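The structure appears right after this line, and notes come after that.
Please read these numbers as outputs of a predicted model, since none were measured by experiment. Atoms considered below: every heavy atom in the structure, side chains included; atoms not considered: hydrogens, waters and symmetry mates. Remember, it's 1-based here, ligands and their atoms both numbered in the order they're listed.
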Amino acid sequence: MRRILVTGGAGFVGSGFVHHLVAHTDASVTVLDKLTYAASRDALRALPPSRVQLVVGDVADADVVGPLVAAHDAVVHYAAESHNDNSLDDPAVFVQTNVVGTFTLLEAVRRHGTRLHHVSTDEVYGDLDLEDPQRFTESSAYDPSSPYSATKAGSDLLVRAWVRSFGVRATVSTCSNNYGPWQHVEKFIPRQITNVIDGQPPKVYGAGRNVRDWIHVDDHASAVWTILTRGRIGETYVVGADGERSNLEVARQILEHFGRSPGDLDLVADRAGHDLRYALDSAKLRTELGWAPQHRDFEAGLASTIEWYVAHEDWWRPHKQAVEASYAAKGQ
Ligand code: NAD
Ligand code: DAU
């Protein structure tokens, strides 16, 4: 795999994968990205232009996608609208990018016989009770809750059908919540870090009991590379790092990092349809393909992520006011 096309490679998770490719392989990389509000050219700026090329375009545009797919050995598909709250406000663009975009890509890889890895989410499996001893595995039923997760589930099912009906060489991964550098301030961890930097309280939805299973973005990147190179065609792999924490626990840890009282937070209006808990069992990926996460200490990873946001205020500051105004209008 000398030439790899990465859709959505200017976003949070996709850019982490592009960094991984440059650091750990000798592949040349083309990023196809529409550069929506969520994208960041800065996340790619440190990478050598001899290794990484950016093409600005829409993954749902067959005229752009076709020639790019034809010129690469493999495609890794991250491009998506990714924020649940936005999908509740305006689902149309989620259907267009996440479903029609994936369909467009599938037709191109079918035509050119190109290997595809489709990056999906644990949210396709719905949610778990707080006390449920089961965790999600590859055989968990699809049961998405939000417009975002429904479009991701739809895209996964398209991939499965294109594998079975047309022999497309594809794999799917369903990963849990990522944290680390370059995540947009609309998302939970960056929003709360930047609130505390601004002297504001973290804004926690509902009672804050909801649990997410956190994984460092670099570990997601190594998992995707492992699946792309060693995964079995047609298979799905759950990606998780055993990082379950409640939202209250995470918000309190951020406050404590800055020497603030752990009780100094605001409980705000809940998200409609808010999934209660995600928890993943990634035994298949670990035993079959030998993958393991490197960032096993969530508290240490969160501390270094906080320090990254402290050091990169010039990057997130231009977006902060508009994001907070939009949340405030919804009582969040
Ligand atoms: P993000 O919103 O930070 O980045 C998405 C990127 O896709 C942006 O660069 C954006 O410009 C690009 N994009 C959007 N629409 C496009 C279009 N029509 N054509 C081309 N590019 C387009 O999202 P993220 O958090 O980095 O998530 C990336 C992928 O990883 C998504 O598919 C998401 O479902 C999946 N994922 C994310 C997480 C997580 O915790 N962030 C976990 C599991 C899976
Ligand atoms: O599980 C994987 C998914 O993780 C990805 O597929 C999504 O693309 C990604 O955005 C993320 O989805 P979540 O909805 O879990 O992430 P978010 O950061 O929006 O919220 C995390 C938790 O924090 C969730 O329970 C909602 C809550 N929350 C969020 C925000 C923005 C708050 O309590 N307060 C907030 O201000």
Side-chain angles (χ1 to χ4, degrees), residues 6-17 31-41 43-44 54-61 64-65 76-88 93-94 96-98 100-102 104-105 118-125 127 136 144-146 148-149 151-152 155-156 173-180 182-192 195 202-215 217 220 224 239-240 245-248 250-251 265-271 274-278 280 323-324 327 330 332:
V6 180
T7 74
F12 165 49
V13 186
S15 64
F17 182 68
V31 169
L32 170 63
D33 199 296
K34 195 178 172 184
L35 297 183
T36 70
Y37 79 96
S40 170
R41 283 179 187 268
L44 300 173
L54 171 64
V55 174
V56 180
D58 191 331
V59 71
D61 182 342
V64 172
V65 168
V76 183
H77 179 36
Y78 289 91
E81 287 293 332
S82 68
H83 193 35
N84 275 296
D85 291 319
N86 294 345
S87 82
L88 295 163
V93 68
F94 286 73
Q96 175 62 23
T97 288
N98 300 1
V100 178
T102 303
T104 306
L105 200 51
H118 174 63
V119 179
S120 192
T121 168
D122 58 355
E123 298 195 13
V124 297
Y125 305 120
D127 62 354
F136 295 135
S145 310
S146 73
Y148 161 69
S149 49
T151 60
K152 291 298 292 187
S155 66
D156 296 7
S173 53
T174 49
C175 187
S176 60
N177 286 65
N178 288 214
Y179 72 95
W182 303 113
Q183 189 171 28
H184 196 275
V185 286
E186 69 187 352
K187 303 293 195 322
F188 179 66
I189 285 181
R191 184 182 183 206
Q192 311 316 342
N195 275 356
K203 308 280 188 183
V204 179
Y205 294 170
R209 293 163 66 237
N210 306 65
V211 169
R212 295 295 182 265
D213 193 348
W214 294 99
I215 180 173
V217 64
H220 189 182
V224 167
V239 182
R245 298 287 184 287
S246 74
N247 294 339
L248 273 182
V250 176
L265 48 82
D266 281 354
L267 296 179
V268 297
D270 207 352
R271 172 185 284 172
H274 195 175
D275 279 341
L276 187 53
R277 173 174 164 239
Y278 306 138
L280 275 68
V323 165
E324 288 308 319
Y327 279 125
K330 298 185 283 186
Q332 295 178 320

Enumerated ligand 1 atoms positioned under 4.0 Å from heavy atoms of [X]:
| X | answer |
| --- | --- |
| G57 | 19 (N), 20 (C) |
| L35 | 11 (O) |
| S120 | 43 (C), 44 (C) |
| S176 | 40 (O), 42 (C), 43 (C) |
| N177 | 40 (O) |
| A79 | 7 (O), 20 (C), 21 (N), 22 (C) |
| A38 | 2 (O) |
| T36 | 10 (C), 11 (O), 14 (C), 15 (N) |

Item checked: Aromatic centroids of H184 and Y37 separated by under 6.0 Å ->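 Yes: the rings meet the under 6.0 Å criterion.
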Only heavy atoms of [X], strictly under 4.0 Å: list the atoms of ligand 2 that pass.
| X | value |
| --- | --- |
| H83 | 19 (O) |
| T121 | 1 (O), 2 (C), 3 (C), 5 (C), 6 (O) |
| D122 | 1 (O), 2 (C) |
| E186 | 31 (C) |

Rounded distance [0.5 Å steps], [atom1] in [X] versus [atom2] in [Y]:
| X | Y | atom1 | atom2 | value |
| --- | --- | --- | --- | --- |
| K152 | S82 | NZ | OG | 9.0 Å |
| L44 | S15 | CG | OG | 6.0 Å |
| N177 | I189 | CG | CD1 | 8.0 Å |
| D58 | K34 | CG | NZ | 4.5 Å |
| H83 | F94 | NE2 | CZ | 8.0 Å |

Next item on the list: Take N210 and R212 through the side-chain contact (heavy atoms from CB on, under 4.5 Å) test and state the conclusion after the steps.
Entry: CA-CA 7 Å; N210 306 65; R212 295 295 182 265; 4.2 Å; yes
Next item on the list: Would you please determine whether H274 falls within less than 4.0 Å of ligand 2 on a heavy-atom basis?
Entry: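 Right, H274 reaches ligand 2.
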Does the side chain of [X] reach to within under 4.5 Å of the side chain of [Y], using non-hydrogen atoms?
| X | Y | value |
| --- | --- | --- |
| N195 | K203 | yes |
| E123 | Y278 | yes |
| C175 | H220 | yes |

Name the closest protein heavy atom to [atom], giving the residue it belongs to and the distance to 0.1 Å.
| atom | answer |
| --- | --- |
| atom 43 (C) of ligand 1 | C175 O, 3.4 Å |
| atom 14 (O) of ligand 2 | R271 NH1, 2.6 Å |
| atom 9 (C) of ligand 2 | S82 O, 4.0 Å |
| atom 36 (O) of ligand 2 | R191 NH1, 2.7 Å |
| atom 33 (O) of ligand 2 | Y205 N, 2.8 Å |
| atom 16 (O) of ligand 2 | N177 ND2, 3.5 Å |
| atom 5 (C) of ligand 2 | Y148 OH, 3.6 Å |
| atom 20 (C) of ligand 1 | K34 N, 3.3 Å |
| atom 9 (O) of ligand 1 | D33 OD2, 2.6 Å |
| atom 34 (N) of ligand 2 | K203 O, 2.9 Å |

Notebook entry, point to check: If you measure from each non-hydrogen atom of N84 to ligand 2, which part falls under 4.0 Å: side chain, backbone, both or neither?
Noted result: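 Answer for N84: side chain.
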Notebook entry, point to check: Is ligand 2 under 4.0 Å from a heavy atom in the side chain of Q192, in the backbone, in both, or in neither?
Noted result: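 The answer is the side chain.
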Does [X] reach ligand 1, in the sense of a heavy atom lying below 4.0 Å from it?
| X | result |
| --- | --- |
| H184 | no |
| G101 | no |
| D58 | yes |

Measure from the side-chain N and O atoms of [X] to the backbone N and O of [Y], and report whether any donor-acceptor pair falls under 3.5 Å.
| X | Y | value |
| --- | --- | --- |
| T7 | Y78 | yes |
| D33 | L35 | yes |
| S149 | P144 | no |

Give a yes-or-no answer on whether the side chains of [X] and [Y] include a donor-acceptor pair shorter than 3.5 Å.
| X | Y | result |
| --- | --- | --- |
| Q192 | N247 | no |
| T102 | H77 | yes |
| D270 | Q332 | no |
| D213 | S176 | no |
| S155 | N98 | no |
| Y125 | T174 | yes |

Considering distance alone, does some N or O of [X] sit under 3.5 Å from an N or O of ligand 2?
| X | answer |
| --- | --- |
| N247 | yes |
| Y327 | no |
| N210 | no |
| E123 | yes |
| K187 | no |

I'd like the name of whichever of [options] reaches closest to [atom] through any heavy atom.
| atom | options | value |
| --- | --- | --- |
| atom 28 (N) of ligand 2 | F188, Y125, Y278, F12 | F188 |
| atom 41 (N) of ligand 1 | V59, V119, V13 | V13 |
| atom 33 (C) of ligand 1 | Y148, Y37, Y78, F12 | Y148 |
| atom 7 (O) of ligand 1 | A80, A60, G11, A43 | A80 |

Notebook entry, point to check: Quick one: does NZ or CZ of R271 land under 6.0 Å from the six-membered ring centre of Y205, within 45 degrees of the ring axis?
Noted result: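 No - R271 does not lie over the ring of Y205 by the 6.0 Å and 45° rule.
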Checklist line | Distance under 6.0 Å and angle within 45° of ring axis: R191 vs Y327 | finding: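 Verdict for Y327: a cation-pi partner in R191.
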Notebook entry, point to check: With a 4.0 Å heavy-atom cut-off (strictly under), which part of K152 contacts ligand 1: side chain, backbone, both or neither?
Noted result: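 Under 4.0 Å from ligand 1, K152 contributes side-chain atoms alone.
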Next item on the list: For ligand 1, note which part of W182 has a heavy atom under 4.0 Å away: side chain, backbone, both or neither.
Entry: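 No part of W182 is near ligand 1 at this cut-off.
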